Protein chains: 2
Amino acid sequence: MTNNTPVTLKFLAEKLKMSVSTVSKALNNYPTINEYTKKRVQEMARELHFTPNKSAINLKEKKSRIIGIILPNLLDHFFTRSIYGVEQFATQNGYNVIISQSHDDLEKEIQSANMLLRSRVDGLIVAISKHTQDFAHLDQFENMGIPVVYYTRNPSFNLSCHKVLGNTFQGCYKATQFLINRGHKKIAYLGGPKMINFTHDRFNGYINALKDNGVPFSADLVAYTDFDKENTISAIQNLFDNPQNTPTALVAFKEPILFDAIKYLRSINHPNLDQIECIGFGNTSFISYLDSPPIASVEENPESVGENAIKLLLQLINREIDMENYQKVMVDCKLIVHEA
Amino acid sequence: MTNNTPVTLKFLAEKLKMSVSTVSKALNNYPTINEYTKKRVQEMARELHFTPNKSAINLKEKKSRIIGIILPNLLDHFFTRSIYGVEQFATQNGYNVIISQSHDDLEKEIQSANMLLRSRVDGLIVAISKHTQDFAHLDQFENMGIPVVYYTRNPSFNLSCHKVLGNTFQGCYKATQFLINRGHKKIAYLGGPKMINFTHDRFNGYINALKDNGVPFSADLVAYTDFDKENTISAIQNLFDNPQNTPTALVAFKEPILFDAIKYLRSINHPNLDQIECIGFGNTSFISYLDSPPIASVEENPESVGENAIKLLLQLINREIDMENYQKVMVDCKLIVHEA
DNA sequence: ACAATTATTTCAAACGTTTGAAATGAGTTT
DNA sequence: AAACTCATTTCAAACGTTTGAAATAATTGT
């Protein structure tokens, strides 16, 4: 049932014995085209299943109505949820989205960037890989006048770029404050990989909450881990190695890390485990299945982060905001207290 | 720092004082072009950051080197993992991937299909929405000579399409067999939404394993649920409502459903909960955090499903397999027994 | 009936590439 | 010096669309 001649404007024009431009204008509902003509053209187009060729349109219009997203991976629910926000708003505004995973690999990120550049995306939203230090592959876009919005993972030192971030400082502050309010004095902080910049923002939130409440800070109560399990366990061992002076609460960088930590403490039958209250970033749906769930979660509102990123990007694309007028948008976190 | 004149072949040609075709051929490494010329062109291209315009190429070549994926959503790890397989193999073969979520909404699925059609994807991989009964929006592709591979969720009644499926019959058979081998006689089956076709394949796997082992079947031991929590609970109530004649094992359609079930049984303090052995489809990473984890999981190998889908699709695109020669590929499931 | 006005359609160029055919240029051979 | 090679470059058309300007057709006023 395969058609051999593709259905193009030209083909329609020949069928209808009129010019290509009339057909084009009729389909695009130009006011100068006679209503009856429009009807005939549209009917024929429908009948023959005419589908405009986007490549041709892009070429002519010099824009693709595609926006690109580069992110580390799709297995992290933060990112998949953020895409939801992007896609929703993009589609509403007539844009399509190409998602490309870097798998936290710089080489792959460069490849993704190049392919999106060749595809002439109208704008780019990117969460950089763990290893991105050099930004040549991303700067290309701005050099070609294509706006870039960094979201979540961004070059922290660089002020000359547009950013949309979770207000992770505030999230960690809230979490710490919450634990202090519940009477905890020895609150541990388990941070994430040090090269991810907001590890430090969270730490600052933690520190500031302590300070503002007159709770003394102790370096013994701070440890770091990457997402690796063994690493987490040894960090936890450091934090909890002193049985008579053990933390009573824990703020963790991300829930999977927290779960590993809790699991470990259970496995060694930590004496005060029941009294330890934990909070992690993420608000995973799986929490409801855990037997000793965290007392609360820091909800980072990824959909909102995504939505803010695409909103900003569209403003840049439409030149409603000047590209050199660098924006920084912060999305608040919300502390979700889980029912007992 | 925005360039005003875009760097095109023409622009390079003018700079180098040669014709557009020479530049094009030089960049594409034509043998008729002088080596020194090639060097000069390539150098200039690099220097000016020339990026070929994919829309123009697509238009000329009549192919996009893009393959489209439509799937219900990205929150289900089955799908995100399957994408991994697709992307990997696609990239290796010079194809890019556009992912579009239907959110299990038919209208959205139709929109996605149309946009991918306009983008002139070279092939389509699709897992249909729960509500897809009519396939006009997907048949369009085949009518235009664009191959379509259905994966996982597919029109079960339709033999005239290419399919890549998890061998869900075999997976459920294995799970049931495993439980029988462990001495269970009263094994419950908790199925998924009836409109998802492989709900029935799994049921058949269950039934056949019972039959092959001479274990009597009882309709009381079968219940269905969609992904809704209340629904699951009432299904579980039906299965376990008779305290003196309760199942000793359970095979569940999908792990989140299983987790809801277990959680409910705990919440009512079901007397024999400790003896009940459960298996679900999915092999979620979160299992390791559960206190009463399933004894085993049916691993559906989504990466492999994805990889098989893209492999088949590429063969169809390259006309190595005739489009009318409908293929059906089954990917085996693996039973993963969790350590105690 | 003829110009003037308005409605409608068509022309033609452009977007950035690719590619077979034709042209050019530099050597060779006679 | 004419004729022939061969290497290299250029021409020109094509892909499918959009759009301002020009052309044509239909309607109105006088």
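Every chain is numbered from 1, with letters handed out A, B, ... down the list of sequences. Predicted model, so just to flag it, every value in this text is computed and none were measured.
Interatomic distance, B/Lys62 NZ to A/Asn53 CG, rounded to the nearest 0.5 Å: 8.5 Å. In this structure, A/Leu59 CG and A/Ser64 OG are separated by 12.0 Å, a value rounded to the nearest 0.5 Å.
C/dG16 atom P lies 15 Å from atom CG of B/Leu27, rounded to whole Å. B/Ile57 places its CD1 atom 13 Å from the C1' atom of D/dC15, with the value rounded to the nearest Å. When rounded to the nearest whole Å, the span between CD1 of B/Ile33 and C1' of C/dT18 equals 13 Å. Atom CD in A/Glu14 sits about 13 Å away from atom P in C/dT10, given to the nearest Å. In this structure, NZ of B/Lys54 is placed 16 Å from C1' of D/dC15, rounded to the nearest angstrom. Regarding B/Lys63, its NZ atom lies at a distance of 19 Å from the C1' atom of D/dG16, rounded to whole Å. To the nearest angstrom, P of D/dT8 lies 8 Å from CD of B/Glu35. The CG atom of A/Leu12 sits 12 Å away from the P atom of D/dT18 (whole-angstrom rounding).
At D/dT10, one or more side-chain N or O atoms of B/Ser19 fall inside 4.0 Å of OP1 or OP2 (strictly under the cut-off). Within the 4.0 Å cut-off from OP1 or OP2 of D/dT8, not a single side-chain nitrogen or oxygen of B/Thr37 is found. OP1 and OP2 of C/dT18 both lie 4.0 Å or more from every side-chain N or O belonging to B/Lys62. Note on A/Asn53: every side-chain N or O is 4.0 Å or more away from OP1 and OP2 of D/dT17.
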Just do the salt bridge (charged side-chain N to carboxylate O under 4.0 Å, His left out) check on A/Glu307 and A/Lys311 with the steps written out, would you? CA-CA 6 Å; A/Glu307 194 175 315; A/Lys311 275 185 182 163; 3.1 Å; yes

Residue pair A/Glu35, A/Lys38: steps toward the salt bridge (charged side-chain N to carboxylate O under 4.0 Å, His left out) verdict: CA-CA 5 Å; A/Glu35 284 306 320; A/Lys38 284 185 191 171; 3.4 Å; yes

Could you go through the side-chain contact (heavy atoms from CB on, under 4.5 Å) check for B/Val7 and B/Thr51 one step at a time? CA-CA 7 Å; B/Val7 182; B/Thr51 313; over 6 Å; no

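Remark on DNA chain D: of its neighbouring residues B/Ala56 and B/Pro31, the 5'-side contact belongs to B/Pro31, judged by nearest-heavy-atom nucleotide. Of the two residues contacting DNA chain D, namely A/Leu9 and B/Lys17, the nearest-nucleotide position lying further toward the 5' end is that of B/Lys17.
When distances are taken from the side chain of B/Ser24 to each of D/dT18, C/dT19, C/dT8, the shortest belongs to C/dT19. Checking C/dT9, D/dT19, D/dT9 against the side-chain heavy atoms of B/Thr22 singles out D/dT9 as nearest. The side chain of A/Glu61 sits closest to D/dT18 out of D/dT8, D/dT18, D/dT10.
Note on ring orientation: taking the six-membered ring where Trp is involved, the planes of A/His103 and B/Tyr84 are perpendicular (angle over 60°, cut-offs 30° and 60°).
Just one of B/Asn93, B/Ile125, B/Val121 meets the side-chain contact (heavy atoms from CB on, under 4.5 Å) condition when paired with B/Ile67; it is B/Ile125.
Contacts of B/Phe50 with the nucleic acid, taken as non-hydrogen atoms under 4.0 Å apart, involve only primed sugar atoms and P, OP1 or OP2. Among the protein residues, B/Asn58 comes within range of no part of the nucleic acid, since none of its heavy atoms lies under 4.0 Å from any strand. Using a 4.0 Å heavy-atom criterion, one finds that B/Thr8 contacts the sugar-phosphate atoms exclusively.
Side-chain N/O atoms of B/Lys60 and base N/O atoms of C/dT18 include a donor-acceptor pair closer than 3.5 Å.
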Would you tabulate the pairs of protein nitrogen or oxygen atoms and nucleotide nitrogen or oxygen atoms of nucleotides 20-24 of chain D closer than 3.5 angstrom?
| residue | atom | partner | partner atom | Å |
| --- | --- | --- | --- | --- |
| D/dG20 | O6 | A/Lys25 | NZ | 2.7 |

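Judged purely by atom type and a 3.5 angstrom limit, B/His131 uses its side chain to pair as donor or acceptor with the backbone of B/Asp104.
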